[in-house]
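Residue numbers begin at 1 in each chain, while the letters A, B, ... track the order of the sequences. As a basis for the values below, the full set of heavy atoms in this structure was taken, side chains included, without hydrogen atoms, waters or symmetry mates. Here the structure is a predicted model, which means the values were calculated and not measured.
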There are 2 protein chains.
Amino acid sequence: MAKKLSIRDIANELNISKTTISFILNGKAREKRISDVLTEKVLKYVAEKGYKPNQLAKSLSTGKTMIIGLMVEKISDYFFAQMAYHVEELAYDSGYKILYCSTDNDLLKTRELISLFRDRHVDGYIITPPAGLEKDVQALIDDGLPVVLFDRYFEDVDSSYVVLDNYKASYDAVKYLTQKQFKNIGFIELDSDQSQMKDRRNGYLKALQESDLVPMVLRVPFSNSPDKTMKHLIDFIEQNKNMDALFFATNYLAFEGVKALGKLKFKIPQDMAVIAFDDHQAFDIYTPTITAVAQPIDELAKKSIHTLLNMLNSQSTVYKQEKVIVPANLIIRDSTEKNNL
Amino acid sequence: MAKKLSIRDIANELNISKTTISFILNGKAREKRISDVLTEKVLKYVAEKGYKPNQLAKSLSTGKTMIIGLMVEKISDYFFAQMAYHVEELAYDSGYKILYCSTDNDLLKTRELISLFRDRHVDGYIITPPAGLEKDVQALIDDGLPVVLFDRYFEDVDSSYVVLDNYKASYDAVKYLTQKQFKNIGFIELDSDQSQMKDRRNGYLKALQESDLVPMVLRVPFSNSPDKTMKHLIDFIEQNKNMDALFFATNYLAFEGVKALGKLKFKIPQDMAVIAFDDHQAFDIYTPTITAVAQPIDELAKKSIHTLLNMLNSQSTVYKQEKVIVPANLIIRDSTEKNNL
DNA sequence: CTGAAAGCGCTTACAG
DNA sequence: CTGAAAGCGCTTACAG
């Protein structure tokens, strides 16, 4: 490999100092009152030779890496994959690159990953935190590192975050069902106390309460195999014969639920209406199409990056911690439209 | 932020040289014949203080960043998202981190991204190259940088790659249809001359030829809107009334195709059998379930990382370029099983 | 067994 | 207007 050109080589070649070149390359020629002639000459030479400064050296001396650490629950999940795509695009537009990792919602793994990212001096963090990460997030903030939590937040930590309005989204979805005259609405959620789940549950409960309806809730253990989840679902459906609608707290649960309903020979929506939280491509092609609470992922990504960039561009390291709550869209499809049949 | 401990601080504190500490930290204590007592002392101190070496400084002096550049077509696509997840896991196991980006299959964008990754001195590359990237891949190889192409390859470039056996997978899928007595099998592909598409098309043509059947091929322009794609599909289906089976070269096309068939009131598989290339979660829950050619993504990811790690661990920078071809699995579901009805 | 010193390739406070 | 020098925090060839 042809040895890469360094700033020193250029300095020698052009018989000027590294300092001058560095100033010119960093757009400080004017500020440092370097002659236009010299500036031109250096810029021309650099363009000709295709010189690119070594970012490692630059980072070591400035302390900035221009890298954002993106820690999502699982990059392969539809929601996080979309998020990653949008975040990447916006970050690159601002000159930042993305180092990513999946936490698998595992506390110890996440701690390890934060430590790795710190060793690499990433400039800022976008994190979907697993339960129990409060102290670690606080530690990042205390150390003056820009952090934006995403998808969920901690009530006890004063951090920036960008989340969906899970409570209202869930409330609206259930309200829609009650308006459609469904009376026995089951809720199927993950066994998790993270904010996003809690808010979804509370929205459901609130909407039922307003109509004097009785809650029926199934909590599916987090780390269940698909088979076990299926069994839980089937039991739940069979034990609540009077149910006429099911609200699933995640799209994954909805997939399993729809399969379970199929096995039990339930017709959707005649025998059971279905709404899923978190939209998915597949909901639009399935027959019947599935009504879903859609998260505006591009919007969530945009707000996350903007919030982070604001912190990165701030002079102080005591950041204003911004809380951003984004409304969801209820996308009505066939799985709730009994009357259209 | 509490100033981070550096190797120099430790040297001062312990009254020994940075050299000695560096040797101990890098596991060269034995080799450098440093006393066990001193080694212990240093290790203990470091553990106590939670000292972590600055990776930037380390990278600058060793020239290794322990970062792999992952350049996929689009991180949000199911296939690439899965790939990213598996690659990440395996890379982290070997101490590597992942810097990722989406090429959008855009040649200029990809060139720009390679340049950015080079500036950051990533140690190796996994790339799903867009058409036209031959010279750039060759340049990386010539400069002694480890590169593994993924999902597609260039016939004219002697590079490592890991790809599916697209030709055989496609041939087998069509062969399956002919054995099922389908006689008029249409093929719907993207208008692309990249290796993966070409191999899929050729496998289809070969299988038809062996049964003396007539090809019917629709090429959908790459950058079409969904609406336009839909129109192409509907026209194609209407103009070929005799078709009894459709083979889609990508899962995205299959989604659109299934929608189109729905609009035209075709029943699957009675009026039209369907096979999709590249499996998708949704194919298993759709009614009827969709037969698909599945790519073993974990296997592809594993081979890619292993191939790259072999190069990274090699002494020489003139690497043996490995070509890995992975077989696909035909997953038979309801959309091809007329006789079961 | 251990350390002083040079080097990786940048930036920037300071001096003139 | 421009440059010599110190510094970022590591590694390692060399010397003893």
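Atom-to-atom, CG of A/Leu14 to P of D/dT2 comes out at 12 Å; the value is rounded to the nearest Å. Taking atom CD1 on A/Ile24 and atom P on D/dG3, their separation rounds to 10 Å, with Å as the unit. The nearest whole Å value for the distance from the CZ atom in B/Arg8 to the P atom in D/dG7 is 8 Å. To the nearest angstrom, C1' of C/dG3 lies 11 Å from CD1 of B/Ile34. Whole-Å rounding puts the A/Met66 CE to C/dC10 C1' distance at 16 Å. Summarising the geometry, the separation between CZ on B/Arg33 and C1' on C/dG3 is reported as 17 Å, rounded to the nearest angstrom. Atom CZ of A/Arg30 is separated from atom P of D/dC1 by 10 Å (rounded to the nearest Å). In this structure, the CD atom of A/Glu31 is 15 Å from the P atom of D/dC1, given to the nearest Å.
B/Lys32 pairs by the side chain to side chain donor-acceptor pair (under 3.5 Å) definition with nothing, not counting sequence neighbours. Applying the ring-ring contact (aromatic ring centres under 6.0 Å, His included) test to A/Tyr153 and every residue at least two apart in sequence or in another chain returns A/Tyr161. Residues forming a side chain to side chain contact (heavy atoms under 4.5 Å, CB included) with A/Lys52 (at least two apart in sequence, or on another chain): A/Lys4, B/Ser115, B/Asp119. Annotation: side chain to side chain contact (heavy atoms under 4.5 Å, CB included) contacts of B/Leu99 (sequence neighbours excluded): A/Ile67, A/Lys97, A/Leu99, B/Ile67, B/Phe117, B/Arg120, B/Val122. Listed by chain and number, the residues in a side chain to side chain contact (heavy atoms under 4.5 Å, CB included) with A/Lys74 are A/Ser76, A/Asp77, A/Asp104, B/Tyr85 (sequence neighbours excluded). With sequence neighbours excluded, the residues that form a side chain to side chain contact (heavy atoms under 4.5 Å, CB included) with A/Glu13 are A/Tyr45. Scanning for salt bridge (charged side-chain N to carboxylate O under 4.0 Å, His left out) contacts around A/Glu73 gives A/Arg152, with sequence neighbours left out. Residues satisfying the side chain to side chain donor-acceptor pair (under 3.5 Å) criterion with B/Ser159, sequence neighbours excluded, are absent altogether. Remark: A/Phe80 pairs with no residue by the ring-ring contact (aromatic ring centres under 6.0 Å, His included) rule, at least two apart or across chains.
Regarding contacts with the backbone of D/dG9, every side-chain N or O of B/Ser6 stays at 4.0 angstrom or more from both OP1 and OP2. The phosphate of C/dC10 (OP1 or OP2) has a side-chain N or O of A/Tyr51 nearer than 4.0 angstrom.
Remark: A/Ser35, A/Leu38 in residues 35-49 of chain A come within less than 4.0 Å of DNA chain D through at least one heavy atom.
Spacing between D/dT11 and C/dT2 at atom C1', rounded to whole Å, works out to 16 Å.
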**OP:** In sequence, state the C-alpha distance, the side-chain angles, and the governing distance for B/Leu70 and A/Tyr100, and then conclude on side-chain contact (heavy atoms from CB on, under 4.5 Å).
**Re:** CA-CA 11 Å; B/Leu70 175 65; A/Tyr100 81 88; 3.9 Å; yes

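Look at B/Asp9 and B/Lys49 and you find no salt bridge, because none of the NZ, NE, NH1 or NH2 atoms lies under 4.0 Å from a carboxylate O. In summary, A/Arg111 and A/Asp106 do not engage in a salt bridge, as defined by a charged side-chain N under 4.0 Å from a carboxylate O.
Nucleic acid contact for A/Leu56: none, since no nucleic acid atom lies under 4.0 Å from a heavy atom of the residue.
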**OP:** Give the dot-bracket string for DNA chain D, reading 5' to 3', where a pair is Watson-Crick or G-U wobble with both distances under 3.5 Å, ( ) marks pairs inside the strand, [ ] marks pairs crossing earlier ones, | marks a partner on another strand, and . marks unpaired.
**Re:** |||.||||||||.|||

**OP:** Would you mind building the protein contact string for nucleotides 11-16 of chain C? One character per nucleotide, 5' to 3', B for base within reach (heavy atoms under 4.0 Å), S for sugar-phosphate only, - for untouched.
**Re:** BBB---

